[in-house]
Amino acid sequence: MKGMTAGNFIREIVESDLRSGKHRRIVTRFPPEPNGYLHIGHAKSICLNFGLALEHGGVCHLRFDDTNPSTESVEYAEAIQADVRWLGFDWGDRMFYASGYFEQLYEYAVELITKGKAYVDSLSAEEIRQYRGTLTEPGKNSPYRNRSVEESRDLFARMRAGEFKDGAHVLRAKIDMASPNVNMRDPTMYRIRHVAHYRTGDQWCIYPTYDYAHPISDAIEGITHSLCTLEFEDHRPLYDWFLDNVSVPSHPQQIEFARLNLSHTVMSKRRLLELVGKGNVNGWDDPRLPTLKGLRRRGYTPEAIRAFCEHIGVQKRDGMVEMALLEHFIREDLNKLSPRVMAVLRPLRVVLENYPEGRVEEVDAVNNPEDPGMGKRKVPFSRVLYIERDDFREAPPKKFFRLAPGQEVRLRYAYIIKCVGVVKDDRTGEVVELRCTYDPETRTGGPQAGRKVKGTIHWVSASHALDAEVRLYDHLFVKADAGDIPEGQDYTVNLNPNSLERLTGCKMEPSLAGAQPGSRYQFERQGYFCLDSDSALGKLVFNRTVALRDSWAKIEKAQQDG
RNA sequence: UGGGGGAUCGUCUAGUGGUAGGACUGCGGACUUUGGAUCCGCAUACCCAGGUUCGAAUCCUGGUCCCCCAGCCA
């Protein structure tokens with residue numbers, strides 16, 4: 001058992017709390033702010049929070065941390081719900097909003113003022129910054145810090161009533177301006193914002209900050225384990241301070257873990273927003289993006305993403321997971337479940353000189369050798385075919401087991417053919433057609449079917465082929481660490497100019513005619529592909545989810561390097 | 001220079017005083033009508049220095065390096 005799964009120190013804490021009786025049932029929460037789309041980094045948190053609850057008979061809440069109306073919207077909130085569901089998790093009727101607690105939050109704030117533990121400050125934002133001190137120097141008290149309880153209560157009520165302009169006053173916790181932890185230097189609890197909130201409308205013009213709203217919301221919901229990322233470690237004393245100084249029903253435990261970093265991509269909301277905004281990618285669901293929408297369109301399965309999240313574990317040290325690991329999990333999943341199909345991406349015409357004109361045979365093709373239950377299909381074979389340009393070399397390098405002048409190769413599920421002639425364009429010298437002969441005895445199932453040839457290639461009958469567009473994707477960034485930028489340059493210098501390659505005029509076997517958007521296939525010898533939503537009747541567009549491992553590519557590269 | 005965290009193969013991750021294990025990647029081989037899949041093998045790690053101990057990745061001491069924090073963002 002040990003060593004089979006990656007470490008998860010939070011799981012150990014949860015299990016220990018259950019064992020000791022500290023909690024009878026755990027309650028976690030996934031608390032996104034509806035101001036952006038979810039990415040695979042969020043998936044780690046979702047799998048952690050929902051997964052832990054599921055494993056231990058607890059529950060997990062979905063809670064929108066919507067305390068900043070200027071950046072939030074229903075569109076985001078709805079997209080987030082769709083993504084969480086797609087990932088495979090269900091919050092049942094436990095969907096909450098920090099904005100749903102605005103009234104209680106207000107009352108608790110009044111409680112704090114009454115206890116002399118919060119006050120209305122009338123310094124400007126700039127002055128507050130100056131009074132805060134620095135990392136090495138203590139801050140100093142605001143001149144308003146000792147305002148009477150009555151005055152603060154009155155001012156706070158008038159803030160709520162809308163008597164003041166944005167920024168005129170702020171409610172602050174009265175803690176310690178000399179604390180070495182700057183988060184404890186009288187943090188802001190409420191600010192005035194005359195902005196409509198996507199859920200509460202114009203009901204409020206003061207909004208609580210994260211630091212204040214989050215612990216209280218957790219406590220109201222009876223969260224047992226409040227999981228967040230490392231950068232909030234410094235905020236934990238503040239989280240605890242609010243819960244200790246206000247009459248909330250419970251005191252959740254905040255535990256911090258390292259956020260996910262993935263190689264060759266970016267994960268920050270700011271950068272994702274920039275890439276979309278500047279048109280470096282085509283929208284939030286661009287298949288090159290690590291967004292859940294992007295990964296879904298790319299053809300990733302929720303199962304693969306969940307397996308990945310389980311494998312990487314949960315810990316406090318920050319690192320960077322290689323994209324290759326994610327790719328491993330999607331290959332593993334798709335290998336089991338994708339029907340195989342033949343598709344020629346860069347077609348080269350082949351004419352079988354000794355195959356009767358007008359004759360068509362139907363050959364049997366296995367849908368998935370990993371799963372015989374997926375059955376077989378018929379694929380038409382005829383005199384004129386397309387093969388992959390890459391599967392022919394006029395001057396074959398060593399270990400090239402495909403087609404070359406005078407050489408034989410097997411056509412998958414069909415015959416062994418031999419290249420007897422090469423037709424070139426007179427002007428450019430480009431190979432435009434291959435003249436071949438076929439060996440009629442070697443058809444799969446035929447008398448000479450067992451004859452050994454070095455290689456097997458895929459093909460499509462020219463007259464039966466379906467035209468398609470195929471989009472090949474590569475890493476969005478050329479450097480593993482997209483943030484590793486030369487002095488004075490922008491991170492966009494690391495963008496991979498070849499992250500998207502569009503192929504048109506690709507030739508597909510006819511069984512793909514009725515394919516539905518979202519359906520996944522393995523194109524034999526090439527990779528896993530998924531029918532894109534840009535497809536229409538009679539217009540096929542495929543995304544390459546991930547290429548098959550390609551050992552020939554490695555041999556060839558080694559030959560070139562050596 | 002204040003405070004809070006963290007250091008195990010290239011990457012992710014086990015180990016909690018007793019042979020440093022797994023996964024990914026890489027390399028080699030077997031098999032193969034997908035150069036896929038599968039199987040087998042190889043390589044590579046305890047941040048450093050002292051100490052305690054029969055024995056230290058683990059305990060102690062002292063260093064080093066990395067990350068986060070000075071929003072009325074979350």
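Naming: A, B, ... by sequence-line order, numbering from 1 per chain.
Checked by atom type and distance alone, the side chain of A/His458 never pairs as donor or acceptor with a backbone atom of A/Glu388 at under 3.5 Å.
Note on A/Thr67: only backbone sugar-phosphate atoms sit closer than 4.0 angstrom, heavy atoms only; bases stay farther off. Using a 4.0 Å heavy-atom criterion, one finds that A/Ser124 contacts the bases of the nucleic acid, with or without backbone contacts as well. Residue contacts shown for A/Thr444 include a base, since a base heavy atom lies under 4.0 Å away. Note on A/Arg549: only backbone sugar-phosphate atoms sit closer than 4.0 angstrom, heavy atoms only; bases stay farther off. Residue contacts for A/Glu233: at a heavy-atom cut-off of 4.0 Å it reaches the sugar-phosphate backbone alone, with no base atom in range. Within 4.0 Å (heavy atoms only), A/Ile416 reaches no atom of the nucleic acid at all.
Mapping A/Lys452 and A/Phe329 onto RNA chain B via the closest heavy atom, the residue that lands nearer the 5' end is A/Phe329.
Across all strands shown, B/C31 remains unpaired; no Watson-Crick or G-U wobble contact has both distances below 3.5 Å. The partner of B/C72, taking Watson-Crick or G-U wobble pairs whose two distances both stay under 3.5 Å, does not exist in any strand shown.
With respect to A/Arg185 and A/Asp176, no salt bridge is recorded, no charged nitrogen being found less than 4.0 Å from a carboxylate O. Taking a cutoff of 4.0 Å between a charged side-chain nitrogen and a carboxylate oxygen, A/Asp550 and A/Arg525 do not qualify as a salt bridge.
Between A/Arg132 and the phosphate of B/A70, there is no side-chain N or O to OP1/OP2 separation shorter than 4.0 Å. Residue A/Thr456 places no side-chain N or O under 4.0 Å from the OP1 or OP2 atom of B/U32.
A gap of 25 Å separates the P atoms of B/A37 and B/U44, to the nearest Å.
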Let me see the working for A/Tyr300 and A/Phe329 under side chain to side chain contact (heavy atoms under 4.5 Å, CB included), right down to the final yes or no. CA-CA 9 Å; A/Tyr300 270 78; A/Phe329 283 101; over 6 Å; no
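One cannot find a donor-acceptor pair under 3.5 Å joining the base of B/G36 and the side-chain atoms of A/Arg331.
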